[in-house]
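Each residue takes its place number in the sequence, starting with 1.
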Amino acid sequence: MPAAPVLSPSLRVLLTLAAAAVVLAGVYFARGVFGPLALAIVLVVICEPARRPLQRLGWPRWAGTTAVIVVAYLVLLGMAALLWVAGTQFAGLIADYADKLRSSADDVVAWLQSLGLDQQAADATAAAVDPKTILGLVSSLGGTVVGIATALFFVFAYVIFMAADAARYGEAERVFGAERRPVIQRARQLNTGIRRYYVVNASFGAIVAIIDGLALWALGVPAPVTWAILAFVTNFIPNIGFVIGLIPPAVLAFVVGGWPLFLGVIAIYCVVNVVLQVLVQPKFVSDAVDLSLTLSFFSVIFWTFVIGPLGAILSIPLTLFVRTLVLEGDPGATWLRWLSGDRSARPRPASDHQTAGRRP
């Protein structure tokens, strides 16, 4: 009897891409549900070690679950408090420096016109630094914050259920033994990578925030605490978070102190943030999660497009999850895993292939 026809490699690739497009389209249209769900999963994964000391002491399962929930809620409330403080101070600064912003916008327009730029370019630049434009941005950010606050309501509920299920999933290896050990091991490696990633980001973010805040305070830039908080939060956005955290204090420095202070802030951020966030931190992140720098950068843009602002913060965990789900269980995907930055991906020795070929 003739063997069933096998799909050609090109057709398999096309079918895989088509299936991926359908799945991603579903995630995109359901991002209001998927985003908070992904955030809750990451929070439970990060806070899961809070259960272990209580387990070693012999406490009941519900005590460990409660500890995970409490720690996750504290993380959420802490981040919300930081963002609230920064947002409140930023809105107050815009109101206080509205006149200076207009004056600075006029100076920029005059400077651009002296360089020979046409009126359209000058008007666009003036509109970018106009207080009304910035206030409109703040208002849109306020709407985003309301949307995030609504999503956090679901996150708080998700965390309770997932923390309870996590205690049950911890017994999977004891229940199934060697039957599911490879899958359980991959899940553990994924959880470990996610925790290491956020520990590295939080550590470097705190260092960068302290240095930036002290430098801005020494230079006399208003509200250095606000910009320090912004530097800490944007550090969780790989690669481009540095630029996002630089723009507001640089603009304010230009308004307050003109070009010298503006260039001074940029110089300090470049020295501190580029050295730590661009040169040093990616090496630690790469070691923690085994992702290539190119894939890390692309994942921010991709997941932000798919699920919105949360995608920038959750980009690395989501990429790790996709790689674990799609590639790590497939022996034929070793090459793709290696391209993604997985240092454990190695081809089988030639002797293994020969042995497999001799098997009946």
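Summarising the geometry of G257 relative to P260, their closest heavy-atom pair is O-CD, 3.7 Å, with the distance given to 0.1 Å. Summarising the geometry of I69 relative to I160, their closest heavy-atom pair is CD1-CA, 3.9 Å, with the distance given to 0.1 Å. Here the shortest heavy-atom pairing between D212 and A231 reads OD2-CB, 3.8 Å. Considering every non-hydrogen atom in both I307 and G35, the closest pair reads CD1-CA, 4.4 Å. In this structure, S296 and L291 approach most closely via the heavy-atom pair OG-CB, 3.8 Å. The minimum heavy-atom distance linking G311 with T304 is given by the pair C-OG1, 3.9 Å.
Residues E48 and N191 are not in side-chain contact: their nearest non-hydrogen atoms beyond the backbone lie 4.5 Å or more apart. Within the 4.5 Å cutoff, the side chain of I268 has heavy atoms near those of the L219 side chain. R195 places a side-chain heavy atom less than 4.5 Å from the side chain of T192.
Remark: Y198 OH to L43 CG distance equals 8.5 Å, nearest 0.5 Å. Taking CZ of F297 as the start and CZ of F302 as the end, the distance is 14.5 Å to the nearest 0.5 Å. For the atom pair CG (L318) and CG (L314), the distance works out to 5.5 Å, reported to the nearest 0.5 Å. Of the inter-residue distances, the one linking L76 atom CG with L39 atom CG reads 6.0 Å to the nearest 0.5 angstrom. In this structure, CG on D165 lies 13.5 Å from OH on Y158, to the nearest 0.5 angstrom. One distance of note links CG of N235 with CD1 of I313; it measures 11.0 Å at 0.5 Å rounding.
There is no path of hydrophobic side-chain contacts, each under 4.5 Å, that joins W62 to V71. In the hydrophobic clustering of this structure, I244 groups with F232; members are Ile, Leu, Val, Met, Phe, Trp, Tyr whose side-chain heavy atoms approach within less than 4.5 Å, directly or through other members. Both L24 and V322 are assigned to one and the same hydrophobic cluster, defined by single-linkage of ILVMFWY side chains at heavy-atom distances under 4.5 Å. Under the 4.5 Å side-chain heavy-atom criterion for ILVMFWY residues, a single connected hydrophobic cluster contains both L261 and I211. L325 and I316 fall within the same hydrophobic cluster, where Ile, Leu, Val, Met, Phe, Trp and Tyr residues are linked whenever their side-chain heavy atoms come under 4.5 Å apart, directly or through other members.
W59 belongs to a hydrophobic cluster whose remaining members, ordered by chain and number, are L54, L57; membership requires side-chain heavy atoms of ILVMFWY residues under 4.5 Å apart, directly or through intermediates. Applying the 4.5 Å side-chain rule to ILVMFWY residues, one finds Y28 in the same cluster as F29.
Qualifying side-chain hydrogen bond (donor to acceptor under 3.5 Å, both in side chains) partners for R188, counting only residues two or more places apart in sequence or in other chains: E173. Residues meeting the side chain to side chain contact (heavy atoms under 4.5 Å, CB included) test with L327, sequence neighbours left out: R323, A333, L336, R337. The side chain to side chain contact (heavy atoms under 4.5 Å, CB included) check on L216 picks up V221, P224, W227, P249, V265, Y269, with sequence neighbours excluded. Remark: R31 pairs with no residue by the salt bridge (charged side-chain N to carboxylate O under 4.0 Å, His left out) rule, at least two apart or across chains. Under the rule for a side-chain hydrogen bond (donor to acceptor under 3.5 Å, both in side chains), S299 has no partner lying at least two apart in sequence or in another chain. With sequence neighbours excluded, the residues forming a side chain to side chain contact (heavy atoms under 4.5 Å, CB included) with L190 are I194, L320, F321, T324, listed by chain and number. Taking the side-chain hydrogen bond (donor to acceptor under 3.5 Å, both in side chains) definition, one finds that R61 meets it with E171, sequence neighbours left out. Residues meeting the side chain to side chain contact (heavy atoms under 4.5 Å, CB included) test with I247, sequence neighbours left out: V243, V251.
Using a distance-only test at 3.5 Å, with no hydrogens or angles considered, a donor-acceptor pair links the side chain of N201 to the main chain of Y197.
For the side chain to side chain donor-acceptor pair (under 3.5 Å) condition, the pairs that include at least one residue of residues 311-321, sequence neighbours left out, are W303-T319. The side chain to side chain donor-acceptor pair (under 3.5 Å) contacts involving residues 63-76 comprise R51-T65, where partners must be two or more places apart or lie in separate chains.
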